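Have a look at the structure below, then the notes.
Numbers here are sequence positions counted from 1. Values in this document were obtained by computation on a predicted structure and should not be read as measured data.
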Amino acid sequence: MGSHLKNILIVSFGFLLLFTAYGGLQSLQSSLNADQGLGTASLSVLYGAIILSSMFLPPILIKNLGCKWTIVVSMGCYVAYSLGNLYPSWETLIPTSIILGLGGAPLWSAKCTYLTISGNMQGKKENKEGRDIINQYFGIFFLIFQSSAVWGNLMSSLIFELADDRASITEEQLNHCGAADCPVTNVTGNSTIDIPPDSLRYTLVGSYIGVGVLSVILVAVFLDDLDKEAAQEFRDNRQPFLSVFLATFKHLRDKRQILLIPMTMYSGFEQGFLAGDYNKSYVTCALGIRYVGYSMICFGATNSLFSFGFGKLSRYTGRIALFALGTVTNLACIIALFLWKPHPDDLAVFFVFSGLWGMADAVWQTQTNALYGVLFEEHKEAAFANYRLWESVGFVIAFGYSSYLCVDVKLYVVLAVLVVGMVLYGCVEYIEYKNPTACIENKLEVEENPYIAQSKL
């Protein structure tokens with residue numbers, strides 16, 4: 001096994017373990033910590049903290065610690081959030097949500113930077129296009145990573161098996177499910193949710209903590225530190241703090257980054273709609289809360305498989321065809337969700353929507369990450385920090401209006417963001433067609449710089 005592929009697998013399985021724990025906890029917040037809205041409040045604070053950390057932390061941590069140790073430290077922030085869920089209260093969960101949020105942006109920026117560096121190095125070694133290897137590496141990563149949705153939900157379902165909600169759902173309630181669900185009717189809010197006993201909570205959260213700690217150990221011990229020399233040079237010749245702080249905002253001077261903001265935000269909107277509104281207004285409303293885990297497992301499984309497939313397929317079709325496929329799939333789902341009246345007799349349809357949404361999300365995750373890595377090779381840290389920033393803005397907005405807008409209005413919002421995002425993405429592809437981005441390897445050879453795919457220090 002090549003050293004770069006080995007590193008990609010270690011990063012991928014580290015994230016799989018970490019987000020098995022975090023993803024399971026996130027999906028349970030609205031029910032497990034429902035008292036005074038603590039769970040949803042923690043998610044709002046969490047994504048707000050991610051926005052703040054996106055503004056300045058990724059360049060500072062990556063250039064001081066290198067990608068590997070930025071990933072390790074940031075993973076520790078996620079474990080802290082799991083610890084806060086052992087004894088959830090405003091005093092424990094809100095501070096740990098802030099800690100997780102501060103580590104979220106550096107984690108993803110360092111991961112994307114590490115994969116891009118590895119892809120360019122492997123491409124040069126094999127005399128292949130670096131961007132093709134980058135697409136393949138992102139496909140492998142998301143194949144493994146996205147399956148965390150399966151394992152996290154499966155763990156909670158197995159442990160909370162005795163706490164399944166089996167309340168009967170009347171025809172009157174079904175009339176207010178789907179696009180007809182509105183905060184005024186408050187139908188889904190009347191579903192009976194049996195809070196599991198503390199012993200089961202401790203078992204589940206303790207398992208999540210153990211899985212998170214294992215992910216930290218895996219990355220810290222076995223991942224190669226590819227850019228440690230570059231990080232050491234930066235420590236010896238530090239840039240002014242203000243210059244590093246503004247790196248993320250300076251990147252907005254690139255008009256391509258500005259044009260990509262709506263599409264990047266859409267990634268947060270569509271994931272927020274599935275996790276919050278689809279599960280609540282369609283699955284829970286018509287079938288009961290016990291089916292939410294199965295719905296998310298279906299989403300995670302299809303997402304994982306298509307992520308790997310699209311990473312391979314992009315080498316032959318190009319990214320434009322895949323973005324078109326994701327757009328058409330989401331458009332079809334949104335229109336169908338407008339028209340469909342969910343009913344328990346249509347059990348298979350619930351999972352069809354989850355599967356199709358997982359396929360479309362595989363496009364947004366793999367191709368948008370790879371697009372940022374290809375377009376902004378010289379400023380990867382700032383570019384991926386912007387990616388995480390604007391995706392988090394989408395999450396915050398989606399979670400923020402979730403309790404105030406009717407589902408049909410939310411569908412209109414998601415549809416509008418999708419259309420605007422893809423139109424502006426088309427403008428980016430036109431700019432790239434007229435003025436192609438030069439490969440970073442060629443630039444480095446001209447400048448006699450020994451670092452492959454490393455931003456200028």
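Between Cys67 and Ile62 the shortest side-chain heavy-atom distance falls below 4.5 Å. Between Phe15 and Leu107, the closest side-chain pair of non-hydrogen atoms falls below 4.5 Å. In this structure, the side chains of Leu371 and Met263 come closer than 4.5 Å at one or more pairs of heavy atoms. Contact check for Asn135 versus Arg319: no side-chain heavy atoms found under the 4.5 Å cut-off. Contact check for Leu260 versus Thr368: no side-chain heavy atoms found under the 4.5 Å cut-off. Here the side chains of Lys111 and Phe138 are in contact, with some heavy-atom distance below 4.5 Å. Within the 4.5 Å cutoff, side-chain heavy atoms of Ser97 are placed close to those of Tyr81. Here the side chains of Phe310 and Met359 are in contact, with some heavy-atom distance below 4.5 Å.
Relative orientation of the Phe395 and Tyr47 rings is parallel, given thresholds of 30° and 60° on the angle between their planes. Below 30°, between 30° and 60°, or above 60°: for Phe145 and Phe141 the angle between ring planes is below 30°, a parallel geometry. Using a 30° and 60° split on the angle between ring planes, Phe338 and Tyr412 fall in the tilted class, from 30° to 60°. Note on ring orientation: taking the six-membered ring where Trp is involved, the planes of Tyr425 and Phe323 are tilted (angle from 30° to 60°).
Just one residue in the list Asn7, Ile134, Val11 forms a side-chain contact (heavy atoms from CB on, under 4.5 Å) with Leu115, and that residue is Val11. Tested against Trp108, the residues Tyr114, Phe19, Tyr387 include a single ring pair (Phe, Tyr, Trp, His ring centres under 6.0 Å) partner, Phe19. The residue from Leu337, Val413, Ile334 that alone fulfils the side-chain contact (heavy atoms from CB on, under 4.5 Å) condition with Phe273 is Leu337.
When atom types are taken as modelled, the side chain of Ser74 and the backbone of Gly103 share a donor-acceptor pair closer than 3.5 angstrom. Under the 3.5 Å distance criterion, the side-chain polar atoms of Tyr208 are matched with a main-chain donor or acceptor of Gly152. No donor-acceptor pair under 3.5 Å is formed between the side chain of Ser281 and the backbone N or O of Tyr278. The backbone N or O of Gly101 sits less than 3.5 Å from a side-chain atom of Ser53, completing a donor-acceptor pair. Side-chain atoms of Asn64 come within 3.5 Å of backbone atoms of Ile60 as a donor-acceptor pair (strictly under, hydrogens ignored).
When only modelled atom types and interatomic distance are considered, Gln257 and Tyr372 share a side-chain donor-acceptor pair under 3.5 Å. Ser307 and Thr366 share no side-chain donor-acceptor pair at under 3.5 Å. Side-chain contact, Trp390 with Asn386: a donor N or O sits under 3.5 Å from an acceptor N or O. Residues Gln365 and Ser267 have side chains that bring a donor and an acceptor to within less than 3.5 angstrom of each other. Defined by atom type and a distance below 3.5 Å, a donor-acceptor pair is missing between the side-chain atoms of Thr116 and Asn120. With hydrogens and angles left out, the side-chain atoms of Asn330 and Trp364 include a donor and acceptor closer than 3.5 Å.
We find the CD1-CD1 distance between Ile50 and Ile98 to be 12.5 Å, quoted to the nearest 0.5 Å. From Met265, atom CE reaches atom OG of Ser392 across 10.5 Å, with rounding to the nearest 0.5 Å. Rounding to the nearest 0.5 Å places CG of Asp361 at 4.5 Å from CG of Asn303. In this structure, Cys77 SG and Leu46 CG are separated by 10.5 Å, a value rounded to the nearest 0.5 Å. Leu93 CG to Glu91 CD: the interatomic distance, rounded to the nearest 0.5 Å, is 10.5 Å. To the nearest 0.5 Å, atoms CG (Leu313) and CZ (Phe306) are separated by 10.5 Å.
Thr92 and Gly84 get closest at one heavy-atom pair: OG1-O, 3.5 Å. Residues Leu25 and Ser82 share a closest heavy-atom pair of CD1-OG, 3.6 Å. The nearest pair of heavy atoms linking Leu102 to Leu57 is O-CD1, 3.3 Å. Trp90 and Pro95 get closest at one heavy-atom pair: O-CD, 3.6 Å. Contact record, Ile99 with Ala80: CG2-CB, 4.2 Å, taken as the closest heavy-atom pair. Heavy-atom minimum distance, Gly14 versus Leu218: N-CD2, 3.7 Å.
Annotation: Phe353 is in aromatic contact with Trp340 [ring centroid separation under 6.0 Å].
For Phe13, the CZ atom is loosely surrounded, since the number of other residues' heavy atoms within 6.0 Å does not exceed 12. For Phe222, the CZ atom is loosely surrounded, since the number of other residues' heavy atoms within 6.0 Å does not exceed 12.
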Side chain to side chain contact (heavy atoms under 4.5 Å, CB included) assessment of Cys285 paired with His176: CA-CA 8 Å; Cys285 186; His176 295 280; 5.7 Å; no

Side chain to side chain contact (heavy atoms under 4.5 Å, CB included) between Val363 and Thr329, worked out: CA-CA 10 Å; Val363 173; Thr329 302; over 6 Å; no

Test log, rule side chain to side chain contact (heavy atoms under 4.5 Å, CB included), inputs Leu86 and Ile209: CA-CA 9 Å; Leu86 270 178; Ile209 292 172; 3.7 Å; yes

Stepwise side chain to side chain donor-acceptor pair (under 3.5 Å) test for Thr20 and Ser148: CA-CA 5 Å; Thr20 291; Ser148 63; 5.1 Å; no

Side chain to side chain contact (heavy atoms under 4.5 Å, CB included) between Ser156 and Leu204, intermediate numbers included: CA-CA 7 Å; Ser156 63; Leu204 177 64; 4.1 Å; yes

